[in-house]
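Structure first, then comments.
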Protein chains: 2
Amino acid sequence: MIDAINRKIIAALQQNARISYAELGKRVHLSAPAVAERIRKLESAGIITGYRVKVDLDKLGYPILAMVQCKVYRTKEREFKALLLSYDEVVECINVTGEQAFLVKLAVESLSQLDAILEAFIDLSDTNTMMILSTPVDRALPETFFK
Amino acid sequence: MIDAINRKIIAALQQNARISYAELGKRVHLSAPAVAERIRKLESAGIITGYRVKVDLDKLGYPILAMVQCKVYRTKEREFKALLLSYDEVVECINVTGEQAFLVKLAVESLSQLDAILEAFIDLSDTNTMMILSTPVDRALPETFFK
DNA sequence: CCACAATGATCGATGCTATCAACCGCAAGA
DNA sequence: TCTTGCGGTTGATAGCATCGATCATTGTGG
């Protein structure tokens, strides 16, 4: 299923997910229907899970990105998860090993907005806030996949 | 530029970036060329920065995701950045405030592969490795943007 | 060894889609 | 008021997606 051609297809879609099947076909030396069928199978196998637009958060009015490490108090875990979901500014949240820890990425308009959110978190967890300065690498897949 | 219609367009592209202009037009009550023109402008303004396919890393042979917090030794910063870029398994890297710190997300095939990478990092930084158990939230944009 | 699915490709027809040009209406400014 | 520019519509056209028919290849059972 994951042969060299599908790797190339995924690589091309990684670079531009709105590319046409015809164009993809040219790149992998296959007809458009053949590519469409391969992609349909990748989707229904759950390998391709969607297509997303990438946007500039800064230009959309969210100049501040923060990563908050939350060590949730043992008894407050359920409550914490509910709180997380209630905040629209939570852009990403990953659950990691070690002391009920979550890494929460927040996109906010201002530091005061960040502060307000952290206030709410601090009742349920020990927080450690890091401001995100830059994102030197942002891939969806390891490069080895394409080799 | 960022009016209610463009918010809807971005929201729709967020859900499925391969949707047609005609379909987008139906949703925002505009003709296909009008939508195409709006998107063209969003792209050239750098607000829309691309379209990406989303994939299941597990199904592609990378069952292990780790987040490594690296406190880079003051004199080794340049060297560390070079090392990062040399590793294909680095899927994301964010530079955060506090003691030359980086958060590095790694996608690997096995724990031994992870170990090998950490070996290399440890010469240049204090590392704190967290295994990623789940990703309860993974949005590209705060929900407030759509309200 | 030969039939015979099953798979995965191509090709051709058809309806949709993107794209371009021409045109229109409205709002801001001279 | 005139005019200029912006953002929209419409219609034509070329290209694309999609479907069915067909064909080659491969692996399997008689």
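Nothing here was measured: the structure is a model prediction, and the numbers come from that model. Residue numbers start from 1 in every chain, and the chains themselves are labelled A, B, ... in the order their sequence lines are given, proteins ahead of strands.
Closest to the side chain of B/A34, from the set D/dG8, C/dT17, D/dC19, is D/dG8. Listed candidates were D/dG11, D/dA17, C/dA9. Nearest to the side chain of A/L30 is C/dA9. Proximity note for A/R18 (side chain, C-beta onward) versus C/dA18, C/dG8, D/dT18: the nearest is C/dA18. When each of D/dT10, C/dT19, D/dA17 is scored by its nearest atom to the side-chain atoms of B/Y21, the top-ranked nucleotide is C/dT19. Distances from the side chain of A/P33 to the nucleotides D/dT9, D/dT18, D/dA17 place D/dT18 closest.
The NZ-C1' distance, from A/K41 to C/dG8, rounds to 6 Å in whole Å. Across the protein-nucleic acid pair, A/M1 atom CE and C/dA9 atom P stand 11 Å apart, rounded to whole Å. Look at CZ on B/R38: it is 4 Å from P on D/dG8, rounded to the nearest Å. The interatomic distance linking A/L24 (CG) with D/dG15 (P) rounds to 18 Å, in whole Å. In this structure, CG of A/D3 is placed 10 Å from P of C/dG8, rounded to the nearest angstrom. B/R40 has its CZ atom 16 Å from the P atom of C/dA18, to the nearest Å. A/H29 places its NE2 atom 18 Å from the C1' atom of C/dG8, with the value rounded to the nearest Å. The nearest whole Å value for the distance from the CD1 atom in A/I39 to the C1' atom in D/dT18 is 14 Å.
Between A/L84 and A/C93 the shortest heavy-atom distance is CD1-SG, 3.3 Å.
Ring geometry, B/F80 versus B/F102: the interplanar angle falls from 30° to 60°, so the pair is classed tilted.
Residue contacts shown for B/A36 are absent, as no nucleic acid heavy atom lies under 4.0 Å away. B/S20 comes within 4.0 angstrom of sugar-phosphate atoms only, judged by non-hydrogen atoms across all strands, and of no base.
Remark: B/S31 is in phosphate contact with D/dT9, judged by side-chain N or O atoms under 4.0 Å from OP1 or OP2.
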Item to check | Evaluation steps, side chain to side chain contact (heavy atoms under 4.5 Å, CB included), between B/I9 and B/L30 | outcome: CA-CA 11 Å; B/I9 289 173; B/L30 238 55; 5.6 Å; no
Checklist entry - Can you check side chain to side chain contact (heavy atoms under 4.5 Å, CB included) on A/M67 and B/Q69, steps first, answer last? => result CA-CA 12 Å; A/M67 187 66 94; B/Q69 186 172 18; over 6 Å; no
Under 3.5 Å, which donor-acceptor pairs link side chains of residues 44-65 of chain A to any protein atom two or more places apart or in another chain?
residue	atom	partner	partner atom	Å
A/S44	OG	A/R40	O	3.3
A/S44	OG	A/K41	O	3.4
A/T49	OG1	B/K54	O	3.1
A/Y51	OH	A/E43	OE2	2.6
A/R52	NH1	B/D138	O	3.0
A/R52	NH2	B/D138	O	3.1
A/D56	OD1	A/D58	N	2.9
A/D56	OD1	A/K59	N	3.0
A/D56	OD2	A/K59	NZ	3.4
A/Y62	OH	B/T144	OG1	3.0
A/Y62	OH	B/F145	N	3.2

